[in-house]
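Take a look at the structure below.
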Amino acid sequence: MPSVSPTPPYVELHAHSGFSFLDGASHPEELLLKAVELGYPALALTDHDGLYGSMEFARGARAHGIQPITGVELSLRECFPASPGDGVPEAARHVTLLAETPRGYANLSRLVTRARMESSRDAPALPLETLLDPEAVEGILCLTGCRRSPVLAALEGSQAEGEEMAKRFLRAFGPRNLFVELQENEARGDGERNRLLGRLADRMGLPVVATGNVHYHRRERHRLQDVLVAMRHRQTLDGSHGVRRPNSGYHLASREEMGHRFRGRPDALANTLRIAGRCAAFDLTRDLGYEFPDFAGSHRGGALETLAAVCLGEIGRRYEPGSREEREAEERLHQELKLVDLHNLAGFFLVYRDIMNLAREVAREIRGDAPRAHSSLPPGRGRGSSVSSIICYLIGLSHIDPVKADLFLGRFLNEALRSVPDIDLDFPREIREELILRIYEVYGREHAGLVCTFPTFRLRSTVREIGRVLDLPQGELEKLSKLAEHRSARGLKEEMERLPEFREKAKAPLWQALGALAEEIAGLPRHVSQHVGGMIISSRPLVELVPLEPAAMEGRVLCQWDKDSCEDAGFIKIDFLALGMLSAVEECVDLIAELGTAGGAPVELSLIHI
């Protein structure tokens with residue numbers, strides 16, 4: 001009976017998802033499902049210069065019974081001395097970094113942040129010297145990188161240069177944490193590169209590790225990856241051969257296939273399991289350690305006692321002593337404080353109070369001595385279910401008295417609450433913009449960041465962008481994009497069959513390719529954008545929990561997670577929303593005073609009955 005060869009040991013440690021924007025061609029979930037199919041015990045996600053999809057990936061991996069490994073492929077600059085008189089900027093080099101421990105993850109997040117904050121927005125890269133600081137890379141495992149590795153670039157110059165570059169990495173990471181990365185994608189030159197790197201590793205006593213440089217979950221997806229790369233370089237498919245990958249071998253391969261690729265270096269395969277075992281010490285879904293900031297005066301007493309004292313003082317000021325309203329207010333407050341204590345939310349409400357007090361300072365500065373400053377206009381207003389809370393009313397988050405309005409509390413706060421209550425605060429535009437900047441000043445730029453969003457490929461943008469890459473007629477693409485009714489790119493085939501002028505075109509090869517690629521690209525993130533108003537504030541430096549990067553608007557900073565990942569991480573999101581109507585109300589108050597409609601006195605809007 002013929003013997004059955006054992007499955008080679010292998011875990012993929014270098015994989016890109018759609019969060020390597022316009023490069024990775026698969027969703028994190030697609031990579032995970034393929035990993036389950038292939039029997040992988042673990043999988044790393046190493047997107048370019050960001051951890052955008054890391055929380056989504058980690059939670060999905062845990063749900064599928066796979067160990068998630070959090071990493072990044074980091075771009076580096078200033079790796080080699082500039083040639084005298086050479087004005088051509090050096091191409092960025094790449095290394096693969098994996099978080100082994102919670103400290104390593106915090107350092108990884110800081111490194112990505114520095115690359116983003118200290119570079120142009122479209123070309124993030126970290127100076128090599130910054131990376132090669134032993135304190136900055138504690139808890140991080142370094143794989144020397146793909147064919148754009150600084151070690152490989154030096155080695156292709158000469159053996160001595162390669163050894164010197166490897167020694168620089170060795171001094172920073174230490175012999176336990178540095179691995180020479182080998183990639184075999186059956187592309188021209190892979191074999192020779194791996195022989196050079198393997199001999200370098202053997203001479204220096206360094207371990208080698210195999211990776212697949214994965215950019216899509218299955219081989220057929222290479223067509224979409226080619227299109228994405230052409231999009232990124234603003235070229236057609238035919239004109240982008242020089243920047244596209246040479247073949248379709250950058251898929252998530254089976255362990256048997258990887259065993260065949262690296263049959264001459266079984267140690268490179270075995271080391272993938274060693275690394276995965278070491279990275280099991282960190283779990284992104286469990287080990288972040290987020291803490292909401294302390295409230296002002298927290299050193300003087302407990303949060304619940306402070307909140308109760310503040311609210312009771314306000315009841316004495318806002319209600320007539322001995323009145324029915326005062327008794328009802330005290331009863332509601334007692335009921336709410338019990339729920340606040342149950343869910344440990346006292347500090348949460350007090351920080352919101354601090355923020356609203358900060359908003360009052362901002363409003364005073366912006367309004368100056370204009371009539372609106374004397375009209376009892378609050379700086380902002382709570383809306384939604386939060387206005388039913390007497391605590392929100394008493395600490396200034398709402399101007400609606402829930403006792404007089406007889407509002408129901410249960411939608412906002414109840415015993416079954418599973419997450420922090422959602423409090424939306426509306427501000428006039430100019431107050432909101434200045435308040436966001438003031439938040440950075442008060443809490444620190446490393447402790448606050450706006451939530452990001454990831455706009456995805458929709459039908460109209462898909463038609464235009466993929467159509468240009470396929471070099472289809474521009475006029476026809478514009479017509480199709482305007483006539484299409486579906487919002488999802490997945491409906492493009494049906495749209496072309498529905499429209500009489502495109503029914504015949506839909507049978508032509510290039511138009512068929514447009515429809516098929518639209519199906520695949522649907523839902524992939526296109527780029528990073530800013531959430532309408534969500535902001536995260538943390539007592540621990542936020543920069544150690546999620547990378548930060550500059551927003552398009554000057555002075556603002558984004559965190560690299562969207563609201564869903566922030567919620568999964570246990571972050572408390574504060575929504576600062578700009579409402580144009582509030583700006584209009586403020587302007588109307590000034591105009592009324594200027595026109596003398598109210599006898600020259602400021603309008604007192606608080607006297608208007610609900």
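No experiment lies behind these values; they were computed from the predicted model shown.
- Using bins of under 30°, 30° to 60° and over 60° for the plane-to-plane angle, the ring pair Phe19/Phe454 lands in the perpendicular bin.
- Side-chain atoms of Glu257 and Ser254 include no donor-acceptor pair closer than 3.5 Å.
- Aromatic ring centroids of Tyr52 and Phe21 lie under 6.0 Å apart.
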Worked check of side-chain hydrogen bond (donor to acceptor under 3.5 Å, both in side chains) between His531 and Thr453: CA-CA 5 Å; His531 185 273; Thr453 62; over 6 Å; no
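- Salt bridge absent: Glu549 and Arg121 never bring a charged side-chain N and a carboxylate O closer than 4.0 Å.
- For the pair Arg432 and Phe576, the cation does not sit on the ring face, since its NZ or CZ is not both under 6.0 Å from the ring centre and inside 45° of the axis.
- Closest non-hydrogen pair, Leu524 versus Gly24, comes out as CD1-O, 4.5 Å.
- Note: His94 and His48 meet the aromatic proximity criterion, with ring centroids under 6.0 Å apart.
- Ring orientation note: the planes of Tyr105 and Phe282 are close to parallel, at an angle under 30° on the 30°/60° scale.
- Cation-pi check for Arg255 over Tyr10 is not met; the charged atom does not lie both under 6.0 angstrom from the ring centroid and within 45 degrees of its normal.
- Ion pair Asp190/Arg195 not flagged as a salt bridge, since none of the NZ, NE, NH1 or NH2 atoms sits closer than 4.0 Å to an Asp/Glu carboxylate oxygen.
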Let's go through Arg59 and Thr285 carefully: what are the C-alpha distance in whole Å and the side-chain angles of both, what is the deciding distance for side-chain hydrogen bond (donor to acceptor under 3.5 Å, both in side chains) to 0.1 Å, and is it a yes or a no? CA-CA 6 Å; Arg59 289 185 66 85; Thr285 65; 6.0 Å; no
